[in-house]
Structures are given as C-alpha cells and as structure tokens.
Q: 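Quick one: the structure is below, questions incoming.
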Amino acid sequence: MGRLLGFGFALTLLFCMAQGDVLHYDFVVKETPVEILCETNRTVLTVNGMFPGPEIRAHKGDTIYVNVTNTGPYGITIHWHGVRQIRYPWSDGPEYITQCPIPTNSSFLQKVTLTEEEGTLWWHAHSDWTRATIHGPIIILPVNGTDYPYEFDEQHTIVISEWYARDTKEIIDEALASGGDPDLSVAYTINGQPGDTYTCSNDSTYNLTVVQGKTYLLRIIHSGLNEEMFFGIAEHNITVVGMDGAYLKPLNTNYLMITPGQTMDVLVTANQTLGRYYMVFSPFVDTNAPSNENVTRGIFQYSGYNESETPTLPELPGFTNKSDAGNFTIQLRSLNSEDHPSTVPTSITRNITITVSVNQQPCPANQTCTGPDGSMHSASLNNISFWAPSISILQAYYNNTSGVYNKTFPDEPPFVFDYTGNVSALGEAANVSTEVLMINYDEEVEIRFQGTNFGAAENHPMHLHGYSFYVVGMGDGNFSDTYISEYNTVDPPYVNTVGLPKNGWTAIRFKADNPGVWFMHCHLERHASWGMDTVLIVRDGTSSDQKMLAPPGDMPPCSGS
C-alpha cells in the first residue's frame with residue numbers, strides 16, 4: 001500500500017509541475033529610512049522599501065521568477081527557505097555555497113520551482129546578517145481545484161523579527177574580527193511593529209481585528225536571527241495544522257515553541273467574549289550565552305470591543321522552560337492522509353552522526369580577542385568549523401574546479417566521548433576547513449545530530465537546504481542505538497528546520513533524490529557565522545531526470561561583490 005501511495009504522490013507532483021502557472025516578481029534591494037523605537041537618520045536594507053518584505057503568493061506546482069536587483073552598498077544573496085529547488089540549486093542563494101553575492105547595481109533572475117511544498121514558507125537574504133531586515137513570506141496555496149484539509153474563514157500572516165540598534169553587517173564583521181559576542185537585538189517586532197512594551201512604541205503595535213465566531217488561519221514565520229520563541233494568545237487555544245510547508249495532524253495547544261527558520265500554520269477560533277487579548281512572543285533561553293529577554297506583543301481584538309478595555313496577557317512558559325519547549329515539539333505529527341501521505345525512508349543505506357558544538361579558537365598572535373578567557377568564539381559540526389571559500393562551491397563542483405573544498409566531511413565524530421557530560425578536560429578548538437559531505441543519488445539517509453556540552457550549550461535549530469526531512473526521533477542525553485526501536489516511522493513531522501535539544505539528540509531521515517549542492521547549518525545566525533555549517537553534495541543519478549540542471553547565463557560573478 002505504501003508503494004502505491006508513494007507512486008500516486010509522485011504522479012501528483014509531476015501533474016502539479018506540468019500544470020502550474022508561471023509568476024513574476026521584481027525585488028529591489030535598497031537602503032530605506034526607518035522610524036522604529038524613535039530612531040532617526042537611520043536606514044536599513046529592505047526589499048522594495050518594505051519591512052517585512054513583499055509577500056510571494058503562488059499555488060503548489062507553480063514556477064516563480066524573481067528578478068533581484070541590488071542597489072545596496074554591498075553584495076547580497078536571496079534564499080527561498082524550504083523550497084526544494086529540484087535539480088536546480090543555482091537559485092537557492094546561500095553566499096559562496098551556491099552563488100557569489102549579487103554585486104551592487106546589478107541583477108540576478110532567480111527561478112523558484114515549487115513541487116511538493118504547500119503551506120507557509122519564507123524568503124530571506126543569505127549573506128552576512130542581512131536577513132535581519134531582508135525577508136518576507138512565501139504563501140503556497142493548494143493546487144487549483146483542491147482544498148485545505150481543514151476549514152477557516154480568513155487568513156493572516158505574522159512575521160516575528162529581531163531589531164538591532166545598528167547595521168547588522170557591521171555587528172557581525174566586528175564580532176568575527178574580535179572573536180567576541182555580537183551585539184544583541186534590542187527589540188522584537190510583529191510584522192515590523194515592536195509593540196507596546198518598548199519606549200516610543202505605543203503607537204506601533206500590530207492589531208488583528210476578528211469577528212466573534214470566525215476561525216482564522218495564522219501563518220507564523222520566525223525570521224529572527226538568534227532567539228527561539230514561545231507564542232500564545234490570551235484565553236485562546238491554538239490548533240497547529242502545518243509546519244514548514246507541509247500539513248500536520250491537528251494539535252490543540254495553548255502555546256507554540258518556534259525557532260528561527262521555522263514556519264507554523266495555526267487555527268484560532270474567536271470564541272471568547274468581545275474584548276482585547278494580547279498575542280505575545282516571548283524568548284526561550286536555555287543557555288548562559290547573552291540573550292535578548294524582551295518580549296513583543298500584538299493585540300487580537302474583537303470587532304465591537306470596549307475601547308477602554310485593557311488587553312489580557314497569555315500564560316506562557318518561562319524563558320528557561322526547556323521541558324515545555326521539548327514537550328511541544330515531540331507532539332507534532334505529519335497528516336499522513338491519502339492526499340498527503342508520509343513516505344518515511346525505512347531501508348537506510350547511509351547512517352551519519354554529527355556532533356554539534358560551540359567551540360573556542362586560540363587568539364591569533366599579536367591580536368587582542370574578546371571571547372571567553374581571551375579566545376575567539378567558534379562553532380563546529382563533527383569538530384569541523386566551516387570556512388566559506390571565495391567562490392561558490394556549486395560552481396566549483398559543476399566546473400570540476402579543484403582546491404575549493406575537500407570531500408572529507410566524516411560520517412561520524414572524529415572521536416567518541418561523553419558528549420553531554422563533563423567535557424572540561426577536552427580541548428575546545430575545532431579544525432577550520434571547507435569540508436563537504438558526499439552522498440550518492442537515491443540513498444536513504446539518516447542523520448543523527450548529537451548536541452554537546454562544549455561552550456554555551458543550547459537548542460540548535462538545524463536547517464537543510466534542498467530537502468525537507470522526517471524527524472523520526474528526539475531525546476535528551478547521548479544517542480544510543482537502543483532508541484532506534486522507538487522511532488516514529490509512521491507519521492513523523494516533515495520539516496526543513498528542527499530543534500536539536502540542548503545536550504540531546506535528534507534523528508532525521510530523507511531520500512537523496514535531489515542532486516546538487518545543499519547547505520546545512522544552524523539557523524541561529526551567530527552559530528552559523530562561527531562555523532556551525534557544512535555542505536551536502538548529492539551526486540547525479542543515472543537517468544537524465546536525475547541530473548542537476550545547467551546554470552543560468554546570469555550567475556553573479558565571483559569578484560567585485
């Protein structure tokens with residue numbers, strides 16, 4: 001039966017691809033004046049002068065062309081987060097992985113190919129820390145003539161972002177040069193508005209007016225750089241029905257835990273008395289690293305409410321409530337229906353274990369560093385701290401250019417230890433290099449992410465480009481083979497970003513059916529900047545429809561950016 005469902009699902013994808021529309025968007029990256037938190041005489045980088053940026057709206061199976069013109073002061077790239085880009089990594093966007101930055105005063109026509117994705121995704125800059133203000137929604141509606149597996153009356157998009165007091169590129173450039181912690185954000189925003197908990201922001205609060213008795217689909221996107229979030233609406237239950245562009249079995253809850261990079265589709269019914277109710281994003285902080293512990297509030301208000309009424313607050317888990325964060329995540333299940341089946345790989349041909357660590361590097365000679373004990377912050381996967389080359393790995397791979405990367409990222413950690421125990425006797429320095437993980441086409445892959453207790457251990461949202469994957473297992477402590485029998489291989493969530501619990505493990509599975517060069521990294525931007533990244537190269541298959549497509553003619557040059 002599983003084979004039959006999988007075959008039908010594949011035919012549906014082919015039908016969608018053949019029948020989809022072709023859409024066109026123009027994105028202009030430019031400096032734009034802002035008026036947030038009483039700031040004056042400041043500009044930030046935006047797309048089309050908007051923060052958050054413009055919404056892309058399409059149907060499953062459509063093809064989208066986005067002409068990205070960069071008029072900003074430095075090179076930029078754009079990534080379509082969660083779009084698989086089947087056989088076409090050329091438009092995926094991560095800087096020096098699939099392309100070099102789009103230089104100032106030039107354009108790049110990016111092709112975004114939708115196949116299986118349905119629900120809410122997002123796009124964002126993928127160079128330096130520019131995604132802080134360069135991001136926006138991708139709304140993927142069901143194929144024309146089909147419907148949602150749930151009912152609602154209206155839909156709204158909610159984008160949570162982090163706001164910084166100065167230019168984010170300057171922040172990370174300075175931090176990497178000194179080895180110290182980058183500046184924290186100073187506020188959070190909901191759809192570009194910080195809410196009424198901040199000075200000078202009472203008139204800048206996101207308000208959503210609802211009608212009593214109606215049900216609302218809220219498409220929630222976490223575009224923030226470095227902080228995970230709890231979310232809730234006072235006196236209202238939430239039903240989670242989708243995540244990362246795929247449907248879930250309905251999960252009734254009174255709060256969400258959402259990490260940077262994730263999207264969630266939730267239903268909220270306006271079934272309370274007429275009034276005003278705060279919807280709140282509150283950070284989840286499970287580390288001793290510096291964190292922004294502010295909150296941001298919007299208002300869920302009923303049509304006809306009493307204007308003198310003070311909104312009520314939701315009861316959310318506390319900042320450090322690791323238990324509630326984990327308990328939310330492990331309840332998520334794929335819809336696994338006839339129209340939206342789960343096809344979990346069960347004949348694994350490639351087992352990979354990756355330790356995920358925050359490290360320290362020695363301070364270079366004749367330099368003063370501001371990291372712990374005069375060192376430099378670093379991060380790693382399997383004790384390799386990723387070093388981005390000066391040309392794109394995809395172009396080097398396609399053109400057989402040698403000397404750009406090594407094909408030696410290991411399938412296992414270089415040595416075994418008590419990953420989540422006392423590591424004080426072990427050195428924290430990692431090897432800084434450009435290593436890629438080679439995978440054969442059609443392999444059924446399992447990756448076990450293992451958190452470690454190095455540095456400031458915390459939850460790591462791990463994101464894989466080019467693929468969604470099934471989260472078949474998750475737990476605290478060190479992974480053991482005895483946990484395999486407890487995997488969920490029936491209806492695990494199908495996502496592109498997953499939280500690796502602090503000092504815990506997460507197991508994911510996917511079939512390597514998308515040839516190309518695909519970035520894998522922590523979506524906490526400070527960790528990615530420190531080297532918590534690697535690259536998966538999935539080789540071509542044997543038939544023509546299993547091979548990576550040729551590049552476009554207008555790829556940005558790898559110089560002058």
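Counting from 1, the numbers follow the sequence of the chain as shown. Remember, predicted model here, so these are calculated numbers, not experimental data.
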Q: Tell me whether the rings of Y483 and W505 are parallel (<30°), tilted (30 to 60°) or perpendicular (>60°).
A: parallel

Q: Is a donor from one side chain sitting under 3.5 angstrom from an acceptor on the other, for E435 and Y405?
A: no

Q: Apply side chain to side chain contact (heavy atoms under 4.5 Å, CB included) to residues T534 and V436 and explain how you reach the verdict.
A: CA-CA 6 Å; T534 193; V436 307; 5.6 Å; no

Q: Can you see whether Y487 engages E446 through a side-chain donor-acceptor pair at a distance of less than 3.5 angstrom?
A: yes

Q: Assess, by modelled atom type and distance only, whether the side chains of S334 and N336 contain a donor and an acceptor separated by less than 3.5 Å.
A: no

Q: Roughly how far, to the nearest 0.5 Å, is the NE2 atom of H59 from the CG atom of L141?
A: 5.0 Å

Q: Hey, are S357 and T452 close enough side-chain-wise for a donor-acceptor pair under 3.5 Å?
A: yes

Q: Using only heavy-atom distances, determine whether the side chains of N478 and T420 contain a donor-acceptor pair under 3.5 Å.
A: yes

Q: Using a strict threshold of under 4.0 Å (side-chain N to carboxylate O), is an ion pair present between R448 and D411?
A: no

Q: Under 6.0 Å between ring centres: does that hold for Y150 and Y148?
A: yes

Q: Does the plane of the ring in F417 sit parallel, tilted or perpendicular to the ring in Y419? Use 30° and 60° as the thresholds.
A: perpendicular

Q: Between W122 and H523, what is the ring plane arrangement, given parallel below 30°, perpendicular above 60°, and tilted in between?
A: tilted

Q: Looking only at the side chains, is there a donor atom on one of W129 and S529 sitting less than 3.5 Å from an acceptor on the other?
A: yes

Q: Can you see whether H81 engages T497 through a side-chain donor-acceptor pair at a distance of less than 3.5 angstrom?
A: yes

Q: Would the number of heavy atoms belonging to other residues, nucleotides or ligands and lying under 6.0 Å from CD of Q331 be above 12?
A: yes

Q: Are E458 and K502 within salt-bridge range, i.e. N to O under 4.0 Å?
A: no

Q: With respect to N359, which candidate in S375, S385, S378, S380 satisfies the side-chain hydrogen bond (donor to acceptor under 3.5 Å, both in side chains) definition?
A: S380

Q: Under 3.5 Å, is there a donor on one side chain and an acceptor on the other for T482 and S480?
A: yes

Q: Please state whether the rings of F281 and F231 are parallel, tilted or perpendicular, taking 30° and 60° as the class boundaries.
A: tilted

Q: Compute whether any side-chain donor of one residue and acceptor of the other, for T98 and D92, lie under 3.5 angstrom apart.
A: no

Q: Any idea how F386 and F519 line up, ring-wise: parallel (<30°), tilted (30 to 60°), or perpendicular (>60°)?
A: tilted

Q: Any side-chain donor paired with an acceptor under 3.5 Å for T239 and N252?
A: yes

Q: Could you label the plane-to-plane angle of the H79 and H465 rings as parallel, tilted or perpendicular, counting under 30° as parallel and over 60° as perpendicular?
A: parallel

Q: Identify which one of S291, P283, P260 satisfies the side-chain contact (heavy atoms from CB on, under 4.5 Å) criterion when paired with E228.
A: P260

Q: I'd like to know if the side chain of S161 pairs up with that of H135 as donor and acceptor (distance under 3.5 Å, no hydrogens or angles considered).
A: yes

Q: Answer with yes or no whether the side chains of E116 and Y494 bring together a donor and an acceptor at under 3.5 Å.
A: yes

Q: Ring-plane angle category for H460 and H527, please: parallel below 30°, perpendicular beyond 60°, tilted otherwise.
A: tilted

Q: Taking only residues two or more places apart in sequence, or in another chain, which ones meet S468 in a side chain to side chain donor-acceptor pair (under 3.5 Å)?
A: none

